[in-house]
Amino acid sequence: MSGTPRYRFAPSPTGFFHVGGARTALFNWALARSTGGTFVLRIEDTDEARNQPEWTQGIIDSLAWIGISADDPHFEGPLFQSAYADAHLAAAQRLVESGHAYFCDMTPDDIRARAEEEDVAGYAGWSRDRGLGPGPGHVLRFRVPDGVTVVRDQVRGDVEFDNAVIEDFVLLRGNGTPVFMLANVVDDAEMGITDVVRAEEHLPNTPKQQMIWEALGHAAPVWAHVPVLVNEQRKKLSKRRDKVALEQYREEGILADAMVNYLMTLGWTMPGAEEAATEIFPWSDMESAFRLEDVNLSPAFFDIKKLLSFNGEYIRQLSVDELVAACDPWLPGEWDRTRFAEIAPHIQQRLNTLADAPGVVDFLFLPDPEFDEASWDKTMTTEYAEPLLADAITAYDGVSEGDWQHEHLKATLEDVMVRYDLKLGKAQAPVRVAVTGRTVGPPLFEALEVMGREESLRRMRVAHSRMATGEPPG
Ligand code: GLU
């Protein structure tokens, strides 16, 4: 071993990659990189009934998306738990030989019956001294010693477990296959893992795993259990109830950098964040500042609204070229990218996700605007709307192609609106609905500039004639 820390992230490929997993992976990644250590990706693929190869690929792709790249020198793997099957069995054998484990043939029904009879809570070590050997249906159990087990946790401090309440747990199932508890420890030992940073839900496993480490003659790793993620109701995030798949956020137009920054705030606060009055920090700063000692204990609320606001901030930090490139996958193939690039700087302020982009600017690419009925009713049926739009058309008709730019277009409408004693917000609404179909959208005069003189005027005229005839928008 090189003497530098070896962290690991050990997901089971049994479903979409969970945001909680991503947070744990990032904590490990920050530690591995800032200590000059290693981040081992171990795929715990021994649950054959639930594993799918595509989930493994999903994990690798999702990690790469949040910057945990297999090409980085700190990255090792993926290693697969299934490749260590011999080591799991060899370890079990050693535990039998050293007297730390014994075989038991009692079925769950036998155990329930006996527990009832003796009025005890669970399995009370009944086969400890029966001298059973391996055989079909015989599980291998760990002989839990008397005393207490102290788990030194970097987040929680010392956590004491009374061994009396830990029953002799199973290491090998009746069919001889190792359970999570054993395989996970043996892998960590085989892979030279020095620091286990994982979700809080594994804390109850830890005293048992520490006993296995010690029984195998190793010093246990440094442990750290990071707080669970909860939803708005303070319930643990679950794939049945909540949107938890990282991939889904990616598809909905969350930027990787925003996701990474947001995930890092779940259970951890960047030192100096309060003074700086922001939680937005570049990865490199977070990576070097991250310490397990600063991780807090309380469950972390995965707040989608906050994630969206982080994303909005990250979108605003992009250059126009970056924004155009980032939005590209969400734009219909036939849309003119040059035109999109012209409007992009004007919508940057209002995007919370990249996926919002097409809906904000679609009017520029459609042959006609899609009229939103509520916008039409609210805006086009006022007393002044029709004459004002007529005057606006006349005024805009007098603007040459060369002058068709936003300052001039604004001044032109301002000249018109004084006749109606209106403020700009009200005065521009009929023009906006005529051209874009809606009351909300990018700044109007910039939009008119990008749309061009001829098409803008055409749309104003079409809308005006509909108003005049009372024809409903369609
Ligand atoms: N495969 C386990 C999980 O996904 C790993 C637990 C651990 O990190 O030790 O929960």
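Note that this is a predicted model, so its numbers are computed, not measured.
- Note that Arg141 lies in the cation-pi zone of Tyr123, set by a 6.0 Å cut-off to the ring centre and a 45° limit from the axis.
- Between Asp188 and Arg42 there is a salt bridge, with a side-chain nitrogen of the basic residue lying less than 4.0 Å from a carboxylate oxygen of the acidic one.
- In this structure Thr353 satisfies the side chain to side chain donor-acceptor pair (under 3.5 Å) test together with Asp356, sequence neighbours excluded.
- Residues satisfying the side chain to side chain contact (heavy atoms under 4.5 Å, CB included) criterion with Glu275, sequence neighbours excluded, are absent altogether.
- For the atom pair CZ (Phe301) and CD (Gln233), the distance works out to 8.5 Å, reported to the nearest 0.5 Å.
- In summary, Arg112 and Asp109 engage in a salt bridge, as defined by a charged side-chain N under 4.0 Å from a carboxylate O.
- Salt bridge Asp158/Arg152: present, at least one basic N to carboxylate O contact under 4.0 Å.
- For the pair Leu292/Asp195, no side-chain contact is recorded, criterion being any heavy-atom separation below 4.5 Å from C-beta on.
- Nearest heavy atom pair, residue Phe27 against residue Leu266, reads CZ-O, 3.7 Å.
- Shown here for Leu255 and Leu354, the closest heavy-atom pair between the two residues is CD2-CD1, 3.7 Å.
- With sequence neighbours excluded, no residue forms a ring-ring contact (aromatic ring centres under 6.0 Å, His included) with Phe363.
- Qualifying side chain to side chain donor-acceptor pair (under 3.5 Å) partners for Asp328, counting only residues two or more places apart in sequence or in other chains: Arg337.
- Residue pairs that meet the salt bridge (charged side-chain N to carboxylate O under 4.0 Å, His left out) test with at least one member in residues 79-90, sequence neighbours left out, do not exist here.
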**OP:** Apply the test side-chain contact (heavy atoms from CB on, under 4.5 Å) to residues Thr56 and Asp45: give CA-CA distance (whole Å), side-chain angles for both, the deciding distance (0.1 Å), then the verdict.
**Re:** CA-CA 9 Å; Thr56 297; Asp45 60 342; 5.6 Å; no
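- A salt bridge links Arg6 and Glu76; the closest N-O separation between the charged side-chain nitrogens and carboxylate oxygens is under 4.0 Å.
- For Lys235, the salt bridge (Lys or Arg N to Asp or Glu O under 4.0 Å) criterion is met by no residue, not counting sequence neighbours.
- Checked by atom type and distance alone, the side chain of Asn311 never pairs as donor or acceptor with a backbone atom of Leu307 at under 3.5 Å.
- Residue pairs meeting the side-chain hydrogen bond (donor to acceptor under 3.5 Å, both in side chains) criterion with at least one partner in residues 244-258, sequence neighbours excluded, are Lys243-Glu252.
- Partners of Lys236 under the salt bridge (Lys or Arg N to Asp or Glu O under 4.0 Å) rule, at least two apart in sequence or in another chain, are Glu201.
- The ring-ring contact (aromatic ring centres under 6.0 Å, His included) check on His406 picks up nothing, with sequence neighbours excluded.
- Considering all non-hydrogen atoms of both residues, Asp187 and Tyr84 come closest at OD1-CB, 3.4 Å.
- A side-chain donor-acceptor contact under 3.5 Å links Asp372 to the backbone of Ser375.
- Taking all atoms of both residues into account, the shortest heavy-atom contact from Asp362 to Trp335 is CA-CH2, 3.6 Å.
- Closest non-hydrogen pair, Thr206 versus Arg198, comes out as OG1-NH2, 3.0 Å.
- Scanning for side chain to side chain donor-acceptor pair (under 3.5 Å) contacts around Arg114 gives Glu118, with sequence neighbours left out.
- Glu342 meets the side chain to side chain donor-acceptor pair (under 3.5 Å) test with no other residue; sequence neighbours excluded.
- A pairwise comparison of heavy atoms in Asn163 and Met211 identifies OD1-CE, 3.5 Å as the closest pair.
- Listed by chain and residue number, Tyr262 satisfy the ring-ring contact (aromatic ring centres under 6.0 Å, His included) test with Phe310 (two or more places apart in sequence, or in another chain).
- Both the sub-6.0 Å distance and the 45° axial angle are not jointly satisfied by Arg130 relative to the ring of Tyr102.
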